[in-house]
Structures are given as structure tokens and as C-alpha cells.
Amino acid sequence: VALSLNGFFGGFINSPIMSDKTSDEDVERLPLLAGKTQQPSFLCKMTNPHHFSHRFLFLLVTCFLSFGNYFVYDNPAALQDQFKADMDINTSQFMLMYSLYSWPNVFLCFVGGFLMDKVLGLRVGAVVFAGFVLVGQCVTAFGAQIDSYATVLAGRFIFGLGGENLAVAQNTYAVSWFKGRELNMVFGLQLSFSRVGSTVNMNIMKPVYDAFGSGGYKVLGDALWIGALLCAFSFVCALVSGWMDKRAARILNRDAGETGEEIKLRDVLEFPMSFWLMCIICVAYYVAIFPFIGLALAFYQEKWGLTQSSASSINSLVYVISAVASPLLGYLVDKIGKNLFWCLSGVVLTLVAHVILAYSFLNPYVGVVIMGIAYSTLACALWPMVAYVVPEHQLGTAYGFMQALQNLGLAVISMVAGLIMDDKGYLWLEVFFCAFLCLALMAAVWLYFHDNINNGPLNLSANAREEREKEEEEEARKAEQQINQPLHIASSHRQIRNRFMARIGLSVPREQVSQKSKRYLGLGVLR
């Protein structure tokens, strides 16, 4: 191979710029054509980790990490009637597919974050969890094709092992690459891509099912393989993002900036109060969003007399607004700052939306549009705040624990909401959701005062936060310089003798005490 390539690349390999001591980093900085002096094109700059466009190329890749996950998660909802008819299952068995996804993640989100911090590392962990998502969907599709309900459940369980943990990896990637820059906008873009996956699933899976045939479990299995293809695409994105992150870390020497601390499970108990208040906001808020969307279809039909098609359009509007508004709101939060203010605004607006839907007969589009904007605002402001209060080497564990609590809340509240709907109706269900939003509002107000009293960073403007980070970096640099200063140890015979006499309590001869030492005689330093 070397002899074959020598004829084609020989002029470049033997050129003066390529020596035996040329490092990999030097090779990557060399122009492709050594004799040319023109400026590199924009496509070439995108491969350079020092250029801003490379970060956004990485962002594009990581946004598709969870696209397949969100597409596949709502496959049962998009084909609910087909699942129940083709596999001959009832509603309880149908909901078990969602339960087997949520319950394992109560524990696995935290464990997955710990594994990424401690055992696997972020890059390998993202690939492993993307592999779980892919394998789980393949098993689900295969189970549908052979009309095996148990195999479908096994596939959903395997899928759940990787789904939420992949989101943890995606969040940690975002913080690693964009902290202090466009982090809020990045979280908004990632949320937008995720919701696009859910929206695309809701709109295309029924036509795809119809295109494969007139019905039956084999047709259902064929349709589910479309989701497996998208999960395979997300798996490739996990491989590419891991390679890009490793290459950028080598070129930018990012490893030198690591804290080097060892994370332990008991570190969770050392998380600050502000983190636990964020967890309360997260759980109390999201249990008033996702279970409501899951149960709202019949609510719109019953209260406003809408057709199923119109009710479905309204029900999906929250995701559509989120897909469009999240990047814009994230960019706005990046430029203005004050994450806590935006978080409070999102909780208040969502509470207003639920009150409008519950106690008025205004067009339901009014309440749902407000809810969609509020949901996007809170998501862009809440999740980045974790990076401001938790050390970077613990972020994987922090995000994992936060999502584990979120899954616990969703798993429990979804069942309770179903019981309330059966026994009391939709009015009491809305009261139930409003009560949790009030809890989220109280936690947000408490967090505001806690952050203000402790001079925290959560409600600072973008400029003030940047200035504080510069001051902290300068203080850290000065402290490191002081630590690295050499110690001044006595070296002359007279200094050694005087130091020894002082240690054993003998008086030092007055004529041998230096002028500098005389200042401390009154304090008893030398006796």
C-alpha cells in the first residue's frame, strides 16, 4: 500500500513541510495543497475546531441524536387503533408499552449519568445508549411482525434502557461545547429537533401503515421498521459526534481543563439547594404538560364538540409551537440572560393556559398557543441553569438524576390522572394539574429569593454573568500562580542555625537577627 500511494502522494510526503517529527495536530493545520496561499474555504473552516462554524456543525449532528428516539417513543400513539386491532390487545395492555419505558428510567437515568461520568465516558456512553434505542426498536418491529406481544414489550423495555440516557448524553455534550456561549439557544434547538421527531411521527405513521397494506400484524411490523431506520441514523450521529468531540479535545487541549476529581454516588447529597428546587420545578411542571396532552383529545371533543381531526390538530399544537419557538426563545435567553425570570414566566403562563381551558369557553387555540409558548420558554431557561450551580464533572449525574425524577413523576401522575378522569371528569383533572403548577410556582419563587440572597448566577444578565466568569477565571489563575511559587527555604548556615534554635525554644542572638525578623519578635514568632 505504501509503494502504491508513494507515486501519488510522494511529492507531498517528501516535501520539506512534512518531517518525521510532524505531529497529528501539525498535519491537521497544514493546507491540503502546500504550494497554494489562498484563504481556506468555509467548508474547510468547518473542519477546524478553532472556528465557530465547527461548533455549529457539531450541534447539527447532536440534534439528531435523539430524533429517532422521540420518533419511536410516540409510535404507539400514532398507531393506537392499529396496535389494539392487529395484536388483539386492550387499552391496559396498550399503556403497558409506555409504562415499560418510563419505570426503568426512574433508576436508569441516574445510573446512566453516573456511568458516563465515572465508567464509560460521555462518548462511549452516548454510542451505547443509542445502540439500546436501535436494538429496542428492532426487537419491537420484529415482535409485531411475528404477532408476539411479549416480544414487543421486551423491545419497548430495551428501548427504555437507552432513550432517556441518550438525552442525558445530548445535554452533557451541549454544556461541554456551548457553556458560556449560546447554551440556551442550543437547548432550544435540541428541544426543537426532538419535537419535530414527535410531530413527524404523528403525521406520517398512519399513511406509512396504509402504504404497506390493508392491515394485519405483518403490516404493523413493516411500518415500525421505518422507526428502526431513523434510530439507525441517530446511532450513526452518536458515532460521528463522539469522533468529533475526541478530535476537538485533542486539538484544543480540552483535557487539560478537566478538574480531575473523582465523582461518587454520595455527591448527590452535596448538590446545592438550588439544584433541588430546580428538580421540584421540573417534576411539578412537566406532569402538568405531558399527561394533559395524552388525555386532552377527548377533552377537546367533549367540551367544544370538535371532530377527532380538529382535536388532534389542537393537541399537537404544543409540539409544533415548541419546534418553531424553542430556538428563537433560546437565542433570546442567551442574549438577555436572567434565566430565572424566564422560568418564572413559563410557569405563570402555563397556569394561565390551564385556567383558560378549564374555566372558560374561549376558543381552545388560545389556551394551547399560550401553553406552547410557555413550555418552550421554560425548557430553554430551566435545563441550562443546572450547569451554573453544579460542577462540570458532576453534570452527567445531575442531569440524569433530574430526568429520573421527571420520569418518576410522569409514571405516577399519568396513572393518577387516568383515575381522576374516570371518577371525577376533566374539570377535577384540570384542578389537579393547576395544583402542581402552583407547586412549581412556589419552588420558582423560593429559588429566586435563594439565588438573590446568595448572590447566585441564575438571574444575572448575560453581560454580568460573563464578567463574573472572567473574574472567577482571573482569581483561579492567581491562586494557581501562588501555589506554583517556589518555597523560600533557609539555605545559609546562619539561617539554618537560627531556625533550629527558634524551634527548640532557645533565644536567637540579637546580632544575628535580620532586620526583617525583628518585625516579628514582638509577636513571639522567634523565641
Side-chain angles (χ1 to χ4, degrees), residues 56 59-60 62-67 69-71 73-74 167 170-171 174-175 178 181-203 278 281-282 285-294 296 300 312-357 362-387 406 433 437 440-441 444 458-459 461-462:
F56 287 95
L59 173 62
L60 179 63
T62 54
C63 280
F64 283 104
L65 269 179
S66 60
F67 184 87
N69 172 29
Y70 277 82
F71 182 93
Y73 175 78
D74 283 322
Q170 186 184 43
N171 291 338
V175 173
F178 294 95
R181 294 186 178 96
E182 308 91 1
L183 184 59
N184 298 285
M185 184 189 68
V186 168
F187 273 96
L189 279 171
Q190 290 180 344
L191 176 64
S192 176
F193 270 74
S194 301
R195 293 310 168 202
V196 167
S198 300
T199 305
V200 170
N201 164 74
M202 292 290 188
N203 287 277
M278 291 179 202
I281 297 172
C282 176
Y285 182 83
Y286 282 107
V287 298
I289 296 294
F290 296 126
F292 171 77
I293 294 174
Y300 297 138
S312 299
S313 299
I314 295 175
N315 202 28
S316 63
L317 195 58
V318 173
Y319 291 152
V320 175
I321 293 174
S322 175
V324 176
S326 293
L328 301 177
L329 290 170
Y331 179 78
L332 188 64
V333 175
D334 273 322
K335 292 301 180 183
I336 298 177
K338 295 188 176 296
N339 289 55
L340 200 48
F341 166 78
W342 295 103
C343 186
L344 271 167
S345 301
V347 175
V348 172
L349 287 176
T350 306
L351 181 59
V352 171
H354 272 284
V355 171
I356 291 174
L357 291 172
L362 291 175
N363 192 306
Y365 278 101
V366 176
V368 174
V369 168
I370 294 175
M371 186 182 298
I373 296 174
Y375 167 71
S376 304
T377 302
L378 182 130
C380 293
L382 175 64
W383 294 95
M385 287 198 300
V386 178
Q406 181 188 10
F433 289 143
L437 287 171
L441 181 60
L458 300 181
N459 209 39
S461 65

CD1 (I321) and CG (L329) are apart, to the nearest 0.5 Å, by 11.0 Å

To the closest 0.5 Å, what do you measure between CG (N459) and CG (L340)? 5.0 Å

Residues G346 and Y285: closest non-hydrogen pair is O-CE1, 4.0 Å

Looking at every non-hydrogen atom in both residues, tell me the closest pair between G330 and C380 and how far apart they are. N-SG, 3.7 Å

F290 CZ: over 12 foreign heavy atoms closer than 6.0 Å: yes

Would L378 and T350 count as a side-chain contact (heavy atoms from CB on, under 4.5 Å) if you check the C-alpha gap in whole Å, the side-chain angles of each, and the deciding distance to 0.1 Å? CA-CA 10 Å; L378 182 130; T350 306; over 6 Å; no

In the structure I gave you, are the side-chain heavy atoms of L344 and L441 within less than 4.5 Å of one another anywhere? yes

Does some side-chain heavy atom of L332 sit less than 4.5 Å from a side-chain heavy atom of W342? yes

Rounding to 0.5 Å, atoms OH (Y365) and CD1 (I370) come to a distance of 15.0 Å

Does any non-hydrogen side-chain atom of T377 lie less than 4.5 Å from one of L349? no

Nearest heavy-atom contact between A323 and V196 is CB-CG2, 3.8 Å

I need the Y73 OH to S194 OG distance, nearest 0.5 Å. 13.0 Å

Taking C-beta and beyond as the side chain, do C282 and W383 meet within less than 4.5 Å on heavy atoms? yes

Measuring from L357:CG to F433:CZ, what's the distance to the nearest 0.5 Å? 11.5 Å

Quick one: does Y300's side chain get under 4.5 Å of V368's, heavy atoms only? yes

Non-hydrogen atoms of K335 and A462 that approach each other most closely: O-CB, 3.5 Å

Among F64, F71, Y70, which residue meets the ring-ring contact (aromatic ring centres under 6.0 Å, His included) test with F193? F64

Between M371 and L317, is any pair of side-chain heavy atoms under 4.5 Å apart? no

Once the angle between the rings of Y286 and Y375 is folded into 0 to 90°, is it parallel (under 30°), tilted (30 to 60°) or perpendicular (over 60°)? perpendicular

Search all heavy atoms of A444 against all heavy atoms of I281 and return the closest pair with its distance. CA-CD1, 3.6 Å

Backbone N or O of V318 within a donor-acceptor pair of the S322 side chain at under 3.5 Å? no

Using side-chain heavy atoms (C-beta onward) and a distance below 4.5 Å, is L458 in contact with N339? no

Main-chain N/O of A288 paired to H354 side chain as donor or acceptor, under 3.5 Å: yes

Looking at side-chain heavy atoms only, is the closest gap between L65 and T62 below 4.5 Å? yes

